[in-house]
Structure formats: C-alpha cells, structure tokens
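Accompanying notes for the structure given below.
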Amino acid sequence: MKKAVVLLMAVVFLLVSASLFGDGQQEAMSAEESSAVIEKWIEVFQPSAISEEDQRKELAWFAKAAEPYRGMSIKSVAEGINTHKWESEVLAQAFEEITGIKVTHDIIGEGEVVDRIQRQIQTGRKLYDIYVNDADLIGTHLRANSALNLNNYMVGEGANITNPMLDINDWLNPEFGQDYNGNQLQLPDQQFANLYWFRYDWFTDPDIMKQFKDIYGYELGVPINWDAYEDIAHFFTYEVNGDGTINGEKVYGHMDYGKKSPSLGWRFTDAWLSIAGAGDKGIPNGLPVDEWGIRVENGIPKGASVSRGGAVNGPAAVYALTKYVEWMKEYAPPYAASMTWSEAGPTPSRGNIAQRPFQYITWLSDPAFNDPDSPVTDKNGIPLWRVAPTPHGKYWDEGMKIGYQDAGSWTILKDSVKDEDRAAAWLWAQFCVSKTVSLKKFLVGRTPVRKSTVFSDYLAEQEKQHKYGGIITFYKSPVEYMWTDSGPNVPHYPLLAEQWWKNISTAVTGETTPQESMDNLARDMDDLMAKMTLKQFSPQLNPERDPSYWLNQPGAPKPERPDEEPKTVPYDELIKQWQSK
C-alpha cells in the first residue's frame with residue numbers, strides 16, 4: 001500500500017513539475033501533418049494576391065521558423081473593427097495550427113488601447129506582447145524611445161524569424177510608422193482613409209441634378225471645396241423635391257457625430273484642421289506647422305498657440321470648428337450630436353443621408369452598406385454610393401495634405417517585451433500582414449496595406465463592377481499619398497489628444513464659442529508641452545508674441561480669408577482624370 005502511495009505521489013510530482021517547470025515545447029508536426037494544415041488554410045485564404053504555390057512556400061516558412069517557439073502563448077490587442085475581429089477569430093486559429101504558438105488577440109476600444117500602451121510604457125510591466133497601435137503615436141514612440149526599431153531587428157536579432165516574403169516595398173505607406181530618420185518603429189497592419197461619401201444615384205438623377213442647377217447655378221457633383229459642400233447639404237436637407245424628401249422620406253445633406261467622448265477628439269485630430277487649411281504645405285504633415293496646428297522645427301515642437309507660431313486657435317482652426325458645429329446643427333439628423341464615431345460610421349447605410357465629408361472607409365465593410373436588401377445598394381448588392389476625395393476648406397493651399405488615413409500598426413515595446421516573447425510576437429505580426437492573407441483580409445475589413453492587394457487581378461475585376469464604391473479606385477489613384485496619418489510631430493499623443501475632445505465638446509453644446517474653445521485648447525496644449533521632458537526631440541516652446549506677428553508671416557498660421565466660389569466635378573470625370581495620370 002505504501003509503495004502505491006509513493007508511486008502515485010511520484011506521478012503527481014512529475015505532472016506538476018511538467019506543468020510548472022516545463023519549457024512549453026510541443027512536438028513538431030510531421031511533414032504530412034504540416035502539409036495538410038497548410039492546404040486547409042490555403043483554401044480558407046482565397047482569393048489571394050499570390051499563387052497557391054507561393055502561399056505554400058510562405059506558410060511553410062512560418063511553420064519552420066516557429067519551431068523553437070512551439071507551445072508558447074502570447075497576447076496582442078487591437079481596436080474593434082472588422083479587420084481585427086477577423087484576426088482574432090480566424091487568423092489566430094490559423095497561426096496556432098500552423099506554428100504551434102497560441103495567440104490571444106484581445107479586441108477593445110481604441111481609447112483603451114492607447115491607455116494600455118501608455119501604462120506599459122510608464123510602468124515597464126508587460127500587459128501585451130504586441131499592440132496594434134495607431135501610427136498617430138509615432139511621435140510619442142520616437143520621443144520616448146519606447147518602440148522596437150524593426151529595421152535593426154530584422155537584420156539583427158530577428159533575422160532568422162523575418163519572413164523573406166515580407167517585402168516592405170509592397171506596403172502602400174510604410175512611412176506612416178517611421179521616425180524622422182526612416183526607422184520602422186511601427187508596421188502598418190491595416191489602414192483606412194477618411195473620404196467623402198455620397199449617394200451616386202441621387203447625384204446622377206437627371207431630375208435632382210436639374211433642381212440643383214436651377215437653384216444654385218452650377219452642376220451637382222463631387223464638391224471640391226467646403227462652399228460647394230455646404231450648398232449641397234442645404235439643398236438635400238431643405239430643397240430637393242421642394243421639401244427635403246426623396247421618395248417620400250425625409251433626407252439629410254450631412255452626417256457627423258458630436259458626443260463628448262475620446263472619439264470627438266479624433267474627429268478633429270484626424271486632420272480636420274488640415275482639411276480646413278490650418279497647417280502648412282508639405283506632405284505628409286505640413287512644415288513647419290502640421291495638421292494639429294503645432295509648429296515643429298527640426299523635430300522640436302515650438303507651440304500650438306498663434307502667439308507661439310502655432311495655428312490651433314488661428315482663423316483657419318476657428319473656421320474648421322465653426323463649420324463643424326453649424327453643419328451638424330443645420331444639416332445632419334437630430335441624433336448625430338449624441339453619437340460617437342462607431343455609432344455614426346454605419347449611419348449613412350440607413351438610406352437617408354446624401355453625403356458625408358468625413359467617412360472612415362472601414363465602416364463601409366459593414367453588410368448594411370453592401371447587402372442586396374440594403375437601401376444603399378441595388379438588387380445585386382452593388383453600391384449606390386461612392387467615395388471620393390475630401391472637399392477642402394477655404395484656407396487650404398495646393399501642396400498641403402487633404403485628408404487623413406488611420407494606420408493601426410504592429411508595435412512592440414522594446415523594454416518590456418524581449419527574447420522569445422518578442423520573436424513569437426514578430427512572427428504573429430508578420431503572419432497577419434503576409435501576402436498569403438492580405439487580399440482576403442481586405443475583403444473582410446476594407447483596410448488595405450499592400451500594393452499587391454490593391455493592384456491584384458481579383459480587385460481589378462471587382463473595381464469594374466463598382467463592387468467597393470470607389471475604394472480601390474482611390475487607393476490606385478495618384479492622389480492617395482495626400483491622405484496621411486498624424487505623423488511624428490505630435491510629442492505625446494495620449495496626453496494631447498485628451499485635450500481636444502474636452503475643449504471641442506463645449507462648442508458643440510454652446511457653452512463656449514468656437515474661438516473660445518480653440519483658445520482654451522491651444523493654451524492647454526502649450527501648458528502640457530512646456531512641462532514635457534522627453535528622451536529626444538522634447539518640446540522647447542517659442543516665447544509668446546503678439547499674434548499679429550505670426551499672422552503676417554508667410555504660411556501658417558494664416559490670416560482671415562474670404563469665402564471661395566463653390567466648385568464641383570462630376571464623379572465620372574474625376575475617375576477619368578485619375579486614370580489618365
């Protein structure tokens with residue numbers, strides 16, 4: 001009996017020891033098992049921009065490269081859009097079956113992602129092995145020296161686990177994740193532009209076109225500037241068919257959102273001031289004054305207030321906020337002011353919105369925009385809507401950026417994620433952006449990062465059928481480079497972004513005037529930047545001067561300008577112009 005007890009205790013000890021002290025390794029799959037798994041997933045990842053043979057090579061490379069890390073578990077996190085949900089629900093399973101590495105890919109709010117990455121940087125305590133973190137934080141990462149330099153990693157420590165088919169040159173905009181010296185600190189995992197969205201069927205209806213021409217004296221079309229956008233908004237809200245209705249239903253000429261929340265800040269920091277024309281010429285972000293209205297010289301932030309050479313509270317910025325508030329009150333549905341970005345994103349699919357100046361195209365992946373029974377598609381599910389370039393405000397000048405692109409990017413925090421965890425995380429990131437999966441991922445989320453996706457034969461055929469309402473046409477156009485992320489000039493994104501929604505919200509509610517809101521915002525930004533002591537490129541604010549000094553200098557901040565003549569262009573003519581360049 002004693003022998004049996006001793007034997008049982010020994011078995012228990014061995015099991016516990018294996019659990020507590022084992023290396024977590026799994027036995028490698030046989031060649032036959034690995035091949036069967038790869039074939040299974042190749043079938044799932046159709047269509048693909050590369051051949052099935054190339055898919056086999058790429059997936060086999062992942063299986064081989066991951067052998068030392070089989071049995072490991074890692075955690076990643078991303079915001080809640082369809083692209084990342086698909087990564088969590090499909091790609092994580094595929095990655096585990098192929099590599100033996102288990103990934104928990106959490107889906108949380110974008111504000112929460114920013115909070116957690118900030119907490120991990122501050123504490124040095126690992127919360128996640130890798131983040132899909134907006135490239136808008138590139139300025140934060142380069143100044144805090146917080147993100148792993150992927151250029152160095154790929155040729156050094158991570159050389160053996162860097163996919164030979166990664167092909168950075170195939171990225172549409174790798175620069176979104178680069179510092180001032182071109183080092184890749186973040187690798188775009190998805191990107192989506194903010195574009196003008198409109199009802200193509202209404203804009204090309206002969207009767208509606210005639211009504212508009214009779215009232216305004218020029219053709220209904222894609223608005224080039226805000227003056228035309230405002231005319232169109234007024235027309236559809238109040239004048240189409242004499243009472244602002246189409247087929248007996250009340251319609252609106254504008255859509256937006258205004259709830260006091262972090263997403264209200266994104267509504268502005270995602271280049272609304274630049275679209276109005278507040279910043280300086282220069283792609284990607286304006287120099288020396290960028291799209292946030294921050295003056296930056298040699299990478300050093302010098303101020304946000306006009307009195308310091310910034311543009312946050314200048315005439316163009318106040319104009320941007322004024323138009324935002326006026327349009328939402330006059331031309332948007334009454335519920336718009338109480339919505340967040342995620343609530344407002346799918347709203348035009350209800351069928352009662354004529355246009356929107358600021359549509360994140362990731363929301364266009366929602367079935368409500370694409371199903372045959374949707375009010376914004378025909379009976380075959382082909383969109384009755386289109387996307388086009390963002391109309392610009394009266395302060396905008398040729399040579400400026402014209403719109404914003406979100407670029408959720410793989411980011412490894414170098415001080416808290418090391419060795420095997422870093423390697424497994426890098427393999428996972430590469431898997432999610434591999435050529436094998438990228439086209440299929442676009443079909444799910446409408447968030448392309450690769451040229452090979454956009455220029456694939458499959459999408460060329462879909463483009464002819466207008467299946468994606470102009471999204472592919474935009475990404476293939478010669479103007480796509482003018483839509484950029486926030487860039488490296490913002491010294492501390494989490495802290496400064498918070499000031500925007502808090503100050504903008506009081507203008508929405510009428511507690512402050514647009515000028516007062518922007519004055520408060522500029523002051524708060526300057527106060528915070530003055531206190532920052534960052535590892536490199538830390539702010540050094542200009543002394544305050546009379547605002548007239550800066551307003552009389554060339555470029556931004558810009559003095560008052562008169563309104564423009566409204567300009568439009570027929571959508572089909574616009575497409576011909578793109579295709580001829």
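These values consider heavy atoms only, across backbone and side chains, with no hydrogens, waters or symmetry-generated copies. Just so it is clear, the model here is predicted, and its values are computed rather than measured.
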> Which residues satisfy the side chain to side chain donor-acceptor pair (under 3.5 Å) test with Tyr475, sequence neighbours excluded?
Replying inline: Gln405

>> Going by ring-ring contact (aromatic ring centres under 6.0 Å, His included), His105 matches just one of Tyr128, Trp86, Trp428. Which one?
In response: Trp428

>> Using only atom types and a distance under 3.5 Å, with no angle test, would you say the side chain of Lys440 pairs donor to acceptor with the backbone of Val44?
In response: yes

> Quick one: does Asn380's side chain have a donor or acceptor within less than 3.5 Å of a partner on Ile382's backbone?
Replying inline: no

> Does NZ or CZ of Arg267 fall inside the cone over Phe358's six-membered ring, less than 6.0 Å from its centre and within 45° of the axis?
Replying inline: yes

>> Nearest 0.5 Å, please: how far is OH in Tyr131 from NZ in Lys75?
In response: 9.0 Å

>> I'd like to check the ring-ring contact (aromatic ring centres under 6.0 Å, His included) partners of Tyr481; sequence neighbours left out, ordered by chain and number.
In response: none

> Between Glu67 and Lys64, is the closest basic N to carboxylate O distance under 4.0 Å?
Replying inline: yes

> So, Trp578 versus Thr473: side-chain donor-acceptor pair below 3.5 Å or not?
Replying inline: no

> Hey, are Asp54 and Lys435 close enough for a salt bridge, meaning a charged N less than 4.0 Å from a carboxylate O?
Replying inline: no

>> Taking salt bridge (charged side-chain N to carboxylate O under 4.0 Å, His left out) as the definition, give me every residue that meets it alongside Lys441, ordered by chain and number, with sequence neighbours left out.
In response: Glu87, Asp189

> Hey, are Glu58 and Gln430 close enough side-chain-wise for a donor-acceptor pair under 3.5 Å?
Replying inline: no

> Under 30°, 30 to 60°, or over 60°: which ring-plane class applies to Tyr360 and Trp341, parallel, tilted or perpendicular?
Replying inline: perpendicular

> Stepwise, does the side-chain contact (heavy atoms from CB on, under 4.5 Å) test hold for His141 with Ile117?
Replying inline: CA-CA 10 Å; His141 290 305; Ile117 200 166; 3.9 Å; yes

> Would you say the side-chain atoms of Asn149 pair up with the backbone N or O of Asn152, donor to acceptor, closer than 3.5 Å?
Replying inline: yes

> Got a sec, which residues hit salt bridge (charged side-chain N to carboxylate O under 4.0 Å, His left out) with Lys102, two or more places apart in sequence or on another chain?
Replying inline: none

> With Lys401, which of Thr484, Thr390, Asp485 fulfils side-chain hydrogen bond (donor to acceptor under 3.5 Å, both in side chains)?
Replying inline: Thr484

> Any chance the side chains of Thr447 and Thr83 put a donor and an acceptor closer than 3.5 Å?
Replying inline: yes

Sequence neighbours excluded and cut-off under 3.5 Å, please list the side-chain donor-acceptor pairs for residues 493-500, or say none.
residue: Glu498; atom: OE2; partner: Lys502; partner atom: NZ; Å: 2.8
residue: Gln499; atom: NE2; partner: Leu495; partner atom: O; Å: 3.0

>> Could you work out, with salt bridge (charged side-chain N to carboxylate O under 4.0 Å, His left out) as the rule, every residue matching Glu343, not counting sequence neighbours?
In response: none

